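All heavy atoms count here, side chains included; hydrogens, waters and symmetry mates do not. Counting starts at 1 for both ligands and their atoms, in listed order. For this chain, numbers begin at 1 and follow the sequence in order. Because the structure is a prediction, the values reported are computed rather than measured.
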Amino acid sequence: MTQTTKNIKTAVKELLSGKVVALPTETVYGLSANALIADSVLKIFEIKKRPQFNPLIVHILDIADIERYAKIIPKEVYILAENFSPGPITFVLKKKRIIPDVVTSGLDSVALRIPSHQMFREVLQASGIPIAAPSANMFGRISPTTAKEVMKELNGKVNYVLDGGRCKVGIESTVISFLDEGIKILRPGFITKNDIEKTIGKKVSRGKNTDITSPGLLKFHYAPLTPLYIVDNIKELKGLKNKNVGLLDFSNYKDLRKLASNFFSSLRKYDESKYNFIAAQKVLSEGLGIAINDRLEKASKGKIKLKNGELKIIKKK
Ligand code: TXA
Ligand code: MG
């Protein structure tokens, strides 16, 4: 049986005894374990059924911790951390040996993030350990942004979910790499490319982390069980509503922050509505819209359009 709690001490006790516990962060809920204990970290992979080639983020309390777990830290990391940490930005750096290989899937780099959610910070402070945590969903499914949603994913699989309310940011952190090849955004997130470039005063490139995960394997991520297709002009599908099609129009949103905060919950709600399929139109691909569209793309099975009165599906390769 899994229990929801607001007691920090309960979560700390679980972590310190080597167990896995679900914790709130400002982005999404995380499935957490002591990052320094390989056996505990292994449990995360087992519970989520996550392939072991996909490395985890290590959550730390402050900038000083970056130096504890990583080396060769360029000045841009400090500049970005001073501006955006604690918050939704993750730095990929050369790892120190203290981080077990299972955390990084054998890579010699580690992803470090300083989260801002008050309860997560209290757990970090009280436990004194770095915390490895991927999103608290089963592998490939929709990331949970409330304790109730975590329960739907993990009931019976952990003892406790620490309830920290709805995640304010709502989509996962921006992952940015500082390895030999230069500065690269590996995953778009709440902190945008523009935010980053303005802050460090130089251009960064958009990298892909397909080189660390077998290409193709992760093409459906964040996926609902109901098939979801991207549509360019959702208005052309309005006539299909009576055919039990869920129409999700993100294109009209003005407040992208608010949209991000509710994004995974709306996907989940539509997924639970037993539609034959869901058709979604993207937001404008600008700023935070890039990160939202990235999640939508990964949730989709391809594109759909109405041609001469007939539905045409173009499946993802
Ligand atoms: O907002 C977030 O980042 C949330 C909360 C819980 O902190 N966590 C999260 O974790 O989204 P996860 O496991 O779902 O995503 C971690 C991402 C993956 O894309 C992974 O490939 C990348 O970080 N990553 C981790 N370590 C890496 C490394 N050493 N090199 C490159 N990418 C890495
Ligand atoms: Mg995830």
Look at the rings of His59 and Phe120 and say which category their plane angle falls in: under 30° parallel, 30 to 60° tilted, over 60° perpendicular.
tilted

Can you find an N or O of Thr27 that's nearer than 3.5 Å to an N or O of ligand 1?
yes

Are side-chain N/O atoms of Asp249 and Ser251 paired as donor and acceptor at under 3.5 Å?
yes

Does any N, O or S atom in Ser135 come within less than 2.8 Å of the Mg ion (ligand 2)?
yes

Under a 4.5 Å cut-off applied to non-hydrogen side-chain atoms, are Glu272 and Lys152 in contact?
yes

Nearest heavy-atom contact between Ser261 and Cys167 is OG-O, 3.4 Å

In terms of atom number and element, which parts of ligand 1 are under 4.0 angstrom from non-hydrogen atoms of Leu186?
31 (C), 32 (N)

N/O to N/O below 3.5 Å, does that happen between Glu172 and ligand 1?
no

Geometric N/O contact Ser173 with ligand 1, under 3.5 angstrom:
yes

Quick check on contacts: which atoms of ligand 1 are under 4.0 angstrom from a heavy atom of Ala111?
25 (C), 26 (N), 27 (C)

Tell me whether ligand 1 is touched by Ser135 - counting only heavy atoms on the residue side and a distance under 4.0 Å.
yes

So that I know where these two stand, are Phe263 and Phe250 an aromatic pair - ring centroids less than 6.0 Å apart?
yes

Please work out which of Gly189, Pro134, Ala136 has its closest non-hydrogen atom nearest to atom 12 (P) of ligand 1.
Pro134

Output yes when the distance from some N or O of ligand 1 to some N or O of Arg187 is under 3.5 Å, and no in every other case.
yes

Which atoms of ligand 1 sit under 4.0 Å from any heavy atom of Leu107?
28 (C), 29 (N), 30 (N)

Can you list the ligand 1 atoms lying under 4.0 Å from a non-hydrogen atom of Ser109?
28 (C), 29 (N), 30 (N)

Of all the heavy-atom pairs spanning Ile37 and Pro100, show the shortest one and how long it is.
N-CG, 4.4 Å

Any N or O on Thr104 sitting closer than 3.5 Å to an N or O of ligand 1?
no

Ligand 1 atoms nearer than 4.0 angstrom to some heavy atom of Ile57 are 3 (O), 8 (N), 9 (C), 10 (O), 16 (C), 23 (O)

If we set the cut-off at 4.0 Å for heavy atoms, which region of Lys95 has an atom near ligand 1: side chain, backbone, both, or neither?
neither

Taking Asp271 for the side chain and Leu225 for the main chain, is one N or O donor matched with an acceptor at less than 3.5 Å?
yes

Could an N or O of ligand 1 be found under 3.5 Å from any N or O of Tyr29, whether backbone or side chain?
no

Tell me, do Ile176 and Ile89 make a side-chain contact under 4.5 Å, heavy atoms counted?
yes

Donor-acceptor contact below 3.5 Å, side chain Arg187 vs main chain Asp294:
no

For ligand 1, the portion of Lys184 having any non-hydrogen atom under 4.0 Å away
neither

Which atoms form the tightest heavy-atom contact between Glu153 and Ile142, and what is the distance?
OE2-O, 4.0 Å

